[in-house]
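Heavy atoms only: backbone and side chains are in, while hydrogens, waters and symmetry mates are out. Numbered from 1 within each chain, the chains take letters A, B, ... in sequence-line order. Treat the numbers as computed from the prediction; the structure is a model and nothing was measured.
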Protein chains: 2
Amino acid sequence: MGGCTEGWYNRCMKKTRLLLADDHAVVRAGIRNALNELANLEVVGEVEDGPGLFPALEKLRPDCLLIDVAMPSFDPLAAIRQIRAGYPDMKVLVISAYDDDVYVQGLLGAGVHGYHLKDQPLSDLKLAVQRVLAGEKWVSSRLVSKLVSFSEPAAAGPTLTTRQLDILRLLQQGMDNQTIARRMGLSVKTVENHLTRLYRQLGVQSRLEAVNYANQHPHILAIPGQTAAQKPAPPELPVARQVSILLVDDNVRYRRQLRRMVGKVCPQAMIYEAENIDSAMHAVQHVPPKLALVDVVLGEEDGIRCTRRIKAVSPASRVVLISAYPDREFHRSGLEAGAVAFLDKKDLDAAVLRQVIDDLAI
Amino acid sequence: MGGCTEGWYNRCMKKTRLLLADDHAVVRAGIRNALNELANLEVVGEVEDGPGLFPALEKLRPDCLLIDVAMPSFDPLAAIRQIRAGYPDMKVLVISAYDDDVYVQGLLGAGVHGYHLKDQPLSDLKLAVQRVLAGEKWVSSRLVSKLVSFSEPAAAGPTLTTRQLDILRLLQQGMDNQTIARRMGLSVKTVENHLTRLYRQLGVQSRLEAVNYANQHPHILAIPGQTAAQKPAPPELPVARQVSILLVDDNVRYRRQLRRMVGKVCPQAMIYEAENIDSAMHAVQHVPPKLALVDVVLGEEDGIRCTRRIKAVSPASRVVLISAYPDREFHRSGLEAGAVAFLDKKDLDAAVLRQVIDDLAI
DNA sequence: CCGCAATAGGGGGAAATCCCCTAATTTTCG
DNA sequence: CGAAAATTAGGGGATTTCCCCCTATTGCGG
């Protein structure tokens, strides 16, 4: 657990320990053979089915897992999540014959560090292992083109204004223009106008299509911390450095205040908002956030329950509870529910927020 | 693996082997002590954290796992799914301090056999263990009341007609009345009428609310196999024996034919339909089906990809591929993607279908 | 065979939605 | 500060939706 994790196989002059998991002995042999050519790397074990994996992991404690997730008695996504939860420092490189973009997307979302296609040359596999061990992500070249079509519209999608987003969120909950106007303290005409422009930007014709669009492209519900004034850092991966942050608070005013503060502190963040548990979970299911700032008091509901649900769906998300009236018992149960911290609303200024966000990098 | 599973601890005269997992030594001691009073049961091991669990499972191969899922380095839902995939015959009884209904619902959905609240008496725990080993499901009494509020409206929800369901499905995809009318070969007026009645039955005012309702109560999208002519088997759990079946086919006519056949063969089934991968996945995410009958040809898409996605989201679902033009290569890749069978459309009659559905019980 | 429910179609009116326009005010940013 | 963008508000009109009313036709079960 302690000590050197990144690049330690160099510094410590000890070989990187790799575990190989695939149900075909032939494939294992081929891979083992190819990897033998790599110095500083040792294949310390082989696994041929699901149940055998975890004991091997626990016994060998490898630095890297090379795994074909299509094994018998094995649930790929659940296993990867479980592996990442239990061995956060270990690198996971998936080898597979499937090139389905959504499938790969799912595995990457579950936390794998690389995805190598079996039909690619073994030299690529060696490269993949090295890259992954160096802390990079690796995806076989043939998949990259498919995957960029996912991340590209995320960056290139239409940019909505704050008001349009507020209204779109209410639309998602099924409100009509009158209700939205009352809720936001506006005239119906204003709402109509916002909607008209919203439709135009989304390329839709009706409120129903708009909600559908929002559900299929959840990223448009995000507010970029800074409205992208700077140039978007040309060479790097477009989505890689992106951090998504979810704000859950039933108070519109405070949410706005929080949103601005987060935008200042972390301009590259994608900020999502929710005012109740349902819409929060809706957001979490579509875009698992790196960080969730959750108010303990959510009208009739409470942030503790919200925390537990977020952690159930997206264990990788860090949840920070916020309260105006710190309570010892709430504090305890909040942490037990999976929150990493419990902050007093009064203490939450830019400095503290920066601290919280910097902690994400760990 | 083979042989006696149900009630074998009686017949075989061997003690049931139970593994205990909890991060608090005190709790483990208390439970172990309580369970010692049970004859025919032996606590063969204890685990105190996530990484230690799987090696213990693999080494001890217990018949029952008693586990507090709030352990360090542990992702509850993923772990449970993984455990169920790797050790399908083992009973899993969760002990927890949380009484959040949704949380429990999630764990039950992941396949646990029982959920015992820590604040309940230890005598209840002993009972729970026995019931679970006997093949029943167990939920602490305090939770039952919360959970029935989930399953009750599922049974008591408004019953929609076939036409209303067809239209509702198209509504979900964002179509307006004209488009729906064209798609279904009806006049706009007819669509309006169906919608008016649909709204009345759902208790909503607009198409948007209707779609929202459908997303929040996915069960109303199901067609009961038989329109519940028989009495609903009074004493039993209302949803327990219920089987959900998803039909994925882009051909409306064939889908209808298939729906009727399934209704005949399996009157207690809840039948869901989808005409493309997106709506199929939408359904799967809301209601993981026991069985999915998927056409290999889905317009531009293909059933292989659909199979893989279904298995990724809901590994417990059995997928059966159906094709009008059986192809050796399709057959192979279909099974590789996780389908349990590959049927020729011509061979698919009531008898074969019954066979497929009976296989679910295994 | 009769009844009942589902299906299909239509008339008409009140309301909501959608879309074009202008214009005042505020916010934001260079 | 000044320009640009966002926000708010309204007029007016075309269209759609929603919700009553009504009438056939079809299919299915007692």
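One finds a side-chain N or O of B:R200 lying less than 4.0 angstrom from the OP1 or OP2 phosphate oxygen of D:dC20. For C:dG9, the OP1/OP2 oxygens have a side-chain nitrogen or oxygen of B:T190 closer than 4.0 Å. Distances shorter than 4.0 Å separate none of the side-chain N or O atoms of A:R197 from OP1 or OP2 on D:dT8. Dashed line: the shortest gap from a side-chain N or O of B:N177 to OP1 or OP2 of D:dT17 is under 4.0 Å.
Listed nucleotides C:dG9, D:dT17, C:dA16 differ in distance to A:Q178; the shortest reach to its side chain belongs to C:dA16. Set against C:dT7, D:dG10, D:dT7, the side chain of A:S187 has D:dG10 as its closest nucleotide. Closest approach to the B:K189 side chain among C:dG11, C:dA8, D:dA9 is made by C:dG11 (side chain taken as heavy atoms from C-beta onward). The side chain of A:R207 lies closest to C:dC18, out of C:dG9, C:dC18, D:dT17. Distances from the side chain of B:Y199 to the nucleotides D:dG10, C:dA8, D:dC18 place D:dC18 closest.
Between atom CZ of residue B:R207 and atom CD1 of residue B:I180 there is a gap of 5.5 Å, rounded to the nearest 0.5 Å.
The base of C:dC18 does not come close enough to the side chain of A:Q205 for any donor and acceptor atom to sit less than 3.5 Å apart.
A:R182 and A:D176 are not joined by a salt bridge, as no carboxylate oxygen comes within less than 4.0 angstrom of a charged side-chain nitrogen. Contact check on B:R255 versus B:D295 returns no salt bridge, with no Lys/Arg side-chain nitrogen under 4.0 Å from an Asp/Glu carboxylate oxygen.
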